[in-house]
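Please read these numbers as outputs of a predicted model, since none were measured by experiment.
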There are 2 protein chains.
Amino acid sequence: MSNPSTVSTAGFSAAHPIRILIVDDQAMVRQGFGALLDAQEDMSVVGSAADGSEVVDLVRTTRPDVVLMDIRMPRVNGLDATRAVFAMPGDQHPRVIMLTTFDADEYVFAALQAGASGFLLKDATAEDLAGAVRVVAGGEALLAPSITQKLIADYVSRPAARTPDTRVLGALTERELDVMRLVATGRSNAELAAELFLSEQTIKTHVSRILAKLGLRDRTQIVVTAYESGLVSAGS
Amino acid sequence: MSNPSTVSTAGFSAAHPIRILIVDDQAMVRQGFGALLDAQEDMSVVGSAADGSEVVDLVRTTRPDVVLMDIRMPRVNGLDATRAVFAMPGDQHPRVIMLTTFDADEYVFAALQAGASGFLLKDATAEDLAGAVRVVAGGEALLAPSITQKLIADYVSRPAARTPDTRVLGALTERELDVMRLVATGRSNAELAAELFLSEQTIKTHVSRILAKLGLRDRTQIVVTAYESGLVSAGS
DNA sequence: GAGGTCGTCACCCGGGCGGGTGAACGTGGT
DNA sequence: ACCACGTTCACCCGCCCGGGTGACGACCTC
């Protein structure tokens, strides 16, 4: 899995070793992976922690490029620790690779959402691990094949991320879009009037214009169109 | 990127070589990749094609385990060819790895949706390619790191695949869910009556029951709840 | 057979909704 | 200066919608 950016990363890191922080509650893992990665000439393990609670402080003091993070840990788990890392002020967040002993698919989405760039099983070989660190340090991402498989299956089952439809957004004025968004929450005209500090009649005018411009009949069709066009989306 | 299943695959394929079909319009690629993979002792290139139009026939006659498919080809492109392969009758479809000369992110989702299990750039090394074939033949999936990066970015931006909410699905009867789904398309009571061959009054009764059971006020809130609960979802 | 749920349908009533028309004000373009 | 457009608001009207009540048959449980 090499490609131009991996190569350039390797060249770059010869001068500036990739700084690595290892977070795992098992001392064996910290020592094993630590020694293994430290042996790579383009990498340097700058710290380790046994608990997610120390991660933020360590990131602040050691400034790692890549954090290897066990997902299951006592006290603060890897998920929360990752979220905490990406919640840190500034925009120089380290890249995070999640480690898991077995196939914990229920955490994959949460981990990626939290900001992780990689997901490896702990049975990975030395080459796998070192390669993954280089890939992730190079700004790309890498998942274990079994994880990739699950991710793809989940991915294709999700609706395409909808960019708000231009045919809708274009025809309506900004104010009408405001009203449409609120109509799509199930509110009545009177409620919209109160919400927007307007007369109910004004709301009715806006709603009528929306209906006319979009060729719809009633407010239920406005709600449907709002969802289908991506103006609003499920999950609030 | 090795793991138990990769190992078992290799062990399995020593007795039964992985059968490979190569589809690419460039003769250089067919010959190069073909010779490269054929040199692997656990692989056997069983055919090649320069055009997506021949793929279905070749899959039928050569029964490959893995198809390496260029995404850009004259006449029938790799996307359509992949769809055609998975549209073939029977359930013993080969696994498909898409190849692309450069970073064609706009095709990634379509390719995966079509059924592809892998996505590689053509600058992959021999080890990358052979490793990817083994991973995919073993039932898992593998993406180039730059593709993985884009996939993750797109993935986390999508709303979680909603499993229809039990609080909604549980309270309503099957018939009421039917009506709710149709209400959520923006139809009037009269239209629902016609659609379901019922009296309009019956529809009104169902709608009233839905409103009462879910604690809603009017049909627009039914539409909102239908979308938010996952009973229906955008993208039709 | 008694009781419960579900699906079907009827009548009446009140109210929110949508349609039509008109108008005022401010902004921006030519 | 003029017109177009967007935003705001008013009055009137017709009607679909939602609420209440009651009913009938089918099915299932006990």
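- Without hydrogens or angle criteria, B/Arg95 side chain to B/Ser117 main chain gives no donor-acceptor distance under 3.5 Å.
- With C/dC9, C/dG18, D/dG18 as the candidates, the nucleotide lying closest to the side chain of B/Thr205 is C/dC9.
- Under 3.5 Å, the side chain of B/Gln201 and the base of C/dC11 form at least one donor-acceptor pair of N or O atoms.
- Look at CZ on B/Arg217: it is 16 Å from C1' on C/dG14, rounded to the nearest Å.
- Of the two residues near DNA chain D, B/Ala212 and A/Leu196, the one whose nearest nucleotide lies more 5' is A/Leu196.
- A/Ser188 comes within contact range of the sugar-phosphate backbone alone, with a heavy-atom separation under 4.0 Å but no base atom that close.
- Without hydrogens or angle criteria, A/Arg219 side chain to A/Arg187 main chain gives a donor-acceptor distance under 3.5 Å.
- Put simply, CD on A/Gln221 is 13 Å from C1' on D/dC16, counting in whole angstrom units.
- Base contact: A/Thr202 has a heavy atom under 4.0 Å from a base atom.
- Note: CD1 (B/Ile203) to P (D/dG19) measures 16 Å, nearest angstrom.
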Kindly indicate, with the supporting measurements, whether the criterion side-chain hydrogen bond (donor to acceptor under 3.5 Å, both in side chains) is fulfilled by B/Arg175 and B/Thr173.
CA-CA 5 Å; B/Arg175 198 55 163 165; B/Thr173 67; over 6 Å; no
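- One cannot find a donor-acceptor pair under 3.5 Å joining the base of D/dC5 and the side-chain atoms of A/Thr173.
- Between the CD atom of B/Glu200 and the P atom of C/dC11 there is a distance of 13 Å, rounded to whole Å.
- Note on B/His206: a side-chain N or O is less than 4.0 Å away from OP1 or OP2 of C/dT8.
- A/Arg60 contributes no side-chain N or O that, together with a main-chain N or O of A/Val55, makes up a donor-acceptor pair within less than 3.5 Å.
- Computed from coordinates, the B/Lys213 NZ to D/dG18 C1' distance equals 17 Å when rounded to whole Å.
- Between A/Ile222 atom CD1 and C/dG18 atom C1' the separation is 10 Å, expressed in whole Å.
- To the nearest angstrom, P of C/dG16 lies 10 Å from NZ of A/Lys204.
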